There are 2 protein chains.
Amino acid sequence: MTAPSRRERLRAATIAEIKQAARRRLVDHGPAAISLRAIAREMGMTAPALYRYFPSLEALVTELVADLLDEMTDSMEAARDAEPEGDIRARLYAVTRAFREWAITHRPEFTLIFANPLPSLGHPNTRRDPRQPDCLAGTRYGDVFARLFVELWQRRPFPVPSREELPPGLLAQLDRYRELTGTPLPTGALYVFLSCWVRLYGMVALEVFGHLHFALDEIEPMFEAEVARLARRLHLDPPATIR
Amino acid sequence: MTAPSRRERLRAATIAEIKQAARRRLVDHGPAAISLRAIAREMGMTAPALYRYFPSLEALVTELVADLLDEMTDSMEAARDAEPEGDIRARLYAVTRAFREWAITHRPEFTLIFANPLPSLGHPNTRRDPRQPDCLAGTRYGDVFARLFVELWQRRPFPVPSREELPPGLLAQLDRYRELTGTPLPTGALYVFLSCWVRLYGMVALEVFGHLHFALDEIEPMFEAEVARLARRLHLDPPATIR
DNA sequence: ATCCATAGTTAACGCCTGTAACTTAAGTAA
DNA sequence: TTACTTAAGTTACAGGCGTTAACTATGGAT
């Protein structure tokens with residue numbers, strides 16, 4: 001646990017600068033512009049030097065994705081913590097809106113994270129290694145939603161499907177997930193959680209990918225309407241303030 | 001309207017073969033493997049020859065996307081037409097399931113269509129030209145859903161939010177969309193349509209992109225549960241057979 | 001003062017898109 | 001049939017890419 005040496009500090013700074021340059025290229029020139037040569041050029045270096053810091057372009061992108069997920073999670077947590085601790089309703093709204101806000105103000109980054117858009121990520125839809133940093137970061141942002149959801153359930157339980165109402169195949173999987181995570185939520189609430197996540201993701205992804213522009217050009221009112229419907233489903237209105 | 005000349009036939013066949021090779025590379029080796037040289041190699045040609053048929057790689061990919069959308073639409077229409085004409089419930093179920101079925105049996109293609117994953121598509125989230133073939137094809141598959149939805153509404157109207165219940169900003173946009181398309185649906189039903197589309201898309205996209213594997217490994221039961229909930233929302237159960 | 005790991009370099013291989021200039025073959029008109 | 005035109009293909013090349021190998025300079029530790 002000694003203080004980092006001068007070498008280590010310089011190295012960390014260089015790594016940060018590389019990822020910064022990569023992100024700048026992503027934002028300014030699209031995902032295809034993330035290239036070692038271009039990054040090195042921006043930094044006044046040559047491309048092979050970057051191999052001292054990352055074993056490959058793909059590894060660099062993977063770390064960048066993890067950083068972006070962390071940043072998104074941070075902004076969601078900040079929005080949550082700006083609301084009083086007892087006001088779960090306000091906190092859920094805040095986190096939900098922060099998710100969309102980050103997505104639409106960071107479209108290239110969101111696309112990189114959620115739609116495997118980079119050639120260097122190789123053939124999509126191959127099983128990922130859960131020990132990879134981007135997968136770990138992936139669980140973090142999910143937990144922000146999950147923890148609030150659990151809190152809401154414990155303080156103001158809402159109606160959820162009974163075990164009998166869930167199809168057996170789904171019930172078994174959700175039970176397994178329940179054991180795996182040790183969540184206090186009943187299985188039916190897990191289903192509701194996933195269902196809400198599907199709608200939130202669908203809404204934001206469709207907006208970012210531009211697949212709602214055939215009908216709407218300003219998506220926010222539709223988003224707010226959907227969030228309000230989600231809130232009603234969770235019996236979140238009227239305000240669920242406690243204490 | 002004369003019969004196509006020999007030249008024209010050969011040319012069309014070559015174009016088809018190029019797109020076929022491009023798709024084979026997409027499926028077998030991922031989106032990054034769609035390169036003019038690789039395609040030309042597979043066809044026993046040289047890369048510059050392909051410029052006789054497409055002005056650029058990007059144009060080729062755009063046409064491929066349009067073809068894939070058409071194929072997806074065809075399979076949805078086939079599933080629809082396999083059900084009796086009067087049984088709207090069965091037809092809606094069939095189209096919905098066909099959408100998912102095509103997506104999960106054609107994951108690379110679905111990803112290419114719905115998540116801008118290709119470098120050659122350039123910077124994502126720039127406004128597309130609606131005259132582009134892929135945008136035209138995009139409206140076709142939406143119409144499959146839309147027409148059934150209208151038919152259902154006309155024969156078995158379901159509850160929809162009143163104009164007063166919709167936030168003004170959303171109402172105005174939906175009214176404009178209503179005029180633009182001349183649909184017989186009331187504005188509230190348009191909202192329900194979009195809302196259903198969001199949930200269906202969210203479910204399928206999350207499955208294809210692998211963002212549900214943190215909880216589930218077999219997604220079909222969850223999909224069926226969500227579809228059942230959508231059906232209930234449309235008062236689709238019990239069976240809405242007519243005639 | 002010496003040694004060595006680290007961070008950088010240049011050179012090269014084999015991909016890639018895209019353009020220019022050239023050849024060949026087919027279709028068309030005199 | 002011959003001559004002209006055009007389409008479809010070729011090679012050559014410019015410039016960008018990831019990655020490896022071999023080499024150099026330099027800062028820190030012994």
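A note on names: the letters A, B, ... follow the listed sequences, proteins ahead of strands, and every chain is numbered from 1. Since the model is a prediction, treat every value here as computed from it, not as a measurement.
As rounded to whole Å, 14 Å separates atom P of D:dC17 from atom CG of A:Leu60. Protein atom CD1 of B:Ile39 is 16 Å distant from nucleotide atom P of C:dC15, rounded to whole Å. As a whole-Å value, the separation of A:Glu58 CD from D:dC17 P is 19 Å. As rounded to whole Å, 11 Å separates atom C1' of D:dG16 from atom CZ of A:Arg25. Taking atom OH of residue A:Tyr51 and atom P of nucleotide D:dC17, one finds them 12 Å apart after rounding to whole Å. Here C:dT19 presents its P atom at 12 Å from CG of B:Leu57, a figure rounded to the nearest Å. B:Arg41 has its CZ atom 7 Å from the P atom of C:dC15, to the nearest Å. Rounded to whole Å, atom C1' of D:dG28 lies 12 Å from atom CG of A:Leu10.
B:Ile34 and B:Ile39 make their closest contact through CG2-CD1, 4.2 Å (heavy atoms, listed as atom of the first residue, atom of the second, distance).
Residues A:Tyr191 and B:Glu226 bring a donor and an acceptor atom of their side chains to less than 3.5 Å of each other. For the residue pair A:Trp102 / A:Glu109, no side-chain donor-acceptor distance below 3.5 Å is found, with atom types taken as modelled.
Between B:Phe214 and A:Tyr177, the ring-plane angle classifies as perpendicular under the 30° and 60° cut-offs.
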What one-letter contact string describes nucleotides 7-15 of chain D from 5' to 3', where B marks a base within less than 4.0 Å of any protein heavy atom, S marks contact via sugar-phosphate atoms alone, and - marks no contact?
SBBBBB---
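In this structure, the side chain to side chain contact (heavy atoms under 4.5 Å, CB included) partners of B:Val204, at least two apart in sequence or on a different chain, are B:Phe99, B:Arg100, B:Ala103, B:Phe110, B:Leu200, B:Val208, B:Phe223. Taking B:Arg176 as the reference, A:Asp217, B:Gln173 meet the side chain to side chain contact (heavy atoms under 4.5 Å, CB included) condition, with sequence neighbours excluded.
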